[in-house]
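Basis for what follows: all heavy atoms, side chains included, without hydrogens, waters or symmetry-related copies. Nothing fancy with the numbering, it's 1 onward along the sequence.
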Amino acid sequence: MSKGRDGAAAGGGAAAILLRYLREQNRPYSAQDVFGNLQREHGLGKAAVVKALEQLAQQGRIREKTYGKQKIYFADQEQLPAASDAELRALDGDIAELSSKVQALQQSCRLMEGELKELNGSMTTPEMGKEIAALRQDCAGYTERLERIKSATNHVTPEEKEKVCREQQLYRREWRRRKRMATELLDAILEGYPKSKKQFFEEVGIETDEDHNVTLPAAV
């Protein structure tokens with residue numbers, strides 16, 4: 001610290017500056033905060049700021065609170081002039097106005113957060129370009145396949161399709177009828193068979209649809 005700054009602190013100049021600043025701001029500050037805020041304007045060194053704050057606190061002109069290893073300084077509220085009714089009403093109005101602004105800003109922040117979340121979940125422009133290219137390639141493949149089908153000469157006529165459907169229905173009915181007959185016959189035999197159904201099938205060599213994972217085809 002320079003000799004000039006030491007002189008200012010010793011003469012009470014720094015204390016007066018800090019006292020006025022704390023009363024005007026009327027909020028708590030650490031010595032580092034005060035030094036950072038007033039260094040350029042008043043050319044105060046950090047040591048001078050710390051010393052002046054400690055002196056003001058010892059003199060009872062400001063209040064001091066210790067939080068861990070850090071000290072916080074603020075204006076003594078009892079030494080500040082009392083506000084008039086008009087000033088209090090004006091302050092209440094300011095508070096209401098600021099509260100309204102805070103609510104509006106919070107609502108705006110929530111809307112922007114929602115938009116940001118939606119945008120983060122959307123595809124980027126390069127990703128969209130790749131997706132469009134892939135879809136165009138799929139469309140080209142489907143178009144080519146459709147053209148081949150249209151140009152084929154082995155189309156099934158409606159009459160042929162109807163014939164196939166009738167035959168399929170006939171075979172499905174016959175499948176169910178024969179399976180029901182076989183099941184009834186086997187159940188009758190098993191009533192007098194001393195062993196289990198599984199053992200009987202193994203001895204006789206019967207294979208079921210389930211053994212080969214065969215199911216009745218759906219109707220067309």
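Considering only heavy atoms from C-beta on, T66 stays 4.5 Å or farther from I72 through its side chain. You'll find the side chain of S30 stays beyond 4.5 Å of the side chain of F35, heavy atoms only. Under the 4.5 Å side-chain criterion, counting only non-hydrogen atoms from C-beta, E203 is in contact with K195. Contact annotation: the side chain of L186 approaches that of I206 to within less than 4.5 Å [non-hydrogen atoms, C-beta and beyond]. I62 has its side chain out of reach of D76: every pair of non-hydrogen atoms, C-beta onward, lies at least 4.5 Å apart. Side-chain contact between Y73 and V34 is absent, with no heavy-atom pair separated by less than 4.5 Å.
Within 6.0 Å of atom CD in Q137, 12 or fewer heavy atoms from other residues, nucleotides or ligands are found, so the atom counts as exposed in its surroundings. For R110, the CZ atom sits in a packed shell: over 12 heavy atoms of surrounding residues, nucleotides or ligands are nearer than 6.0 Å. Enclosure of atom CD in E78 is not indicated, since only 12 or fewer non-hydrogen atoms of other residues, nucleotides or ligands lie within 6.0 angstrom. For E160, the CD atom sits in a packed shell: over 12 heavy atoms of surrounding residues, nucleotides or ligands are nearer than 6.0 Å. Residue M123 qualifies as enclosed at atom CE: its count of foreign heavy atoms under 6.0 Å is above 12.
To the nearest 0.5 Å, atoms CD (E113) and CG (L116) are separated by 8.0 Å. Between K197 atom NZ and T208 atom OG1 the span is 8.0 Å, to the nearest 0.5 Å. Taken from CG in D209 to OG1 in T215, the straight-line distance is 8.5 Å, to the nearest 0.5 Å. Residue T157 holds its OG1 atom at 10.0 Å from NZ of K163, rounded to the nearest 0.5 Å. To the nearest 0.5 Å, atoms CZ (F74) and NZ (K65) are separated by 5.5 Å. S100 OG to L105 CG: the interatomic distance, rounded to the nearest 0.5 Å, is 9.5 Å.
Salt bridge status for K179 with E210: present, with a side-chain N to carboxylate O gap under 4.0 Å.
There is no side-chain donor-acceptor pair under 3.5 Å between Q39 and K46. Neither side chain, Q77 nor R63, offers a donor N or O lying under 3.5 Å from an acceptor on the other. A side-chain donor from one of Y21 and N37 sits under 3.5 Å from a side-chain acceptor of the other.
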One pair to check against salt bridge (charged side-chain N to carboxylate O under 4.0 Å, His left out): E127 and K130. What are the steps and the verdict? CA-CA 5 Å; E127 291 173 341; K130 292 181 180 179; over 6 Å; no
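A donor-acceptor distance shorter than 3.5 angstrom exists from the side chain of Q79 to the backbone of G60, with no hydrogens or angles considered.
The hydrophobic clustering, which links ILVMFWY residues whose side-chain heavy atoms are closer than 4.5 Å, places L190 and V204 together. Residues L38 and L19 share a hydrophobic cluster, clusters being chains of Ile/Leu/Val/Met/Phe/Trp/Tyr side chains in contact below 4.5 Å.
Residue pairs that meet the ring-ring contact (aromatic ring centres under 6.0 Å, His included) test with at least one member in residues 177-220, sequence neighbours left out, are Y193-F200.
Taking every heavy atom of both residues into account, A75 and L22 meet most closely at CB-O, 3.8 Å.
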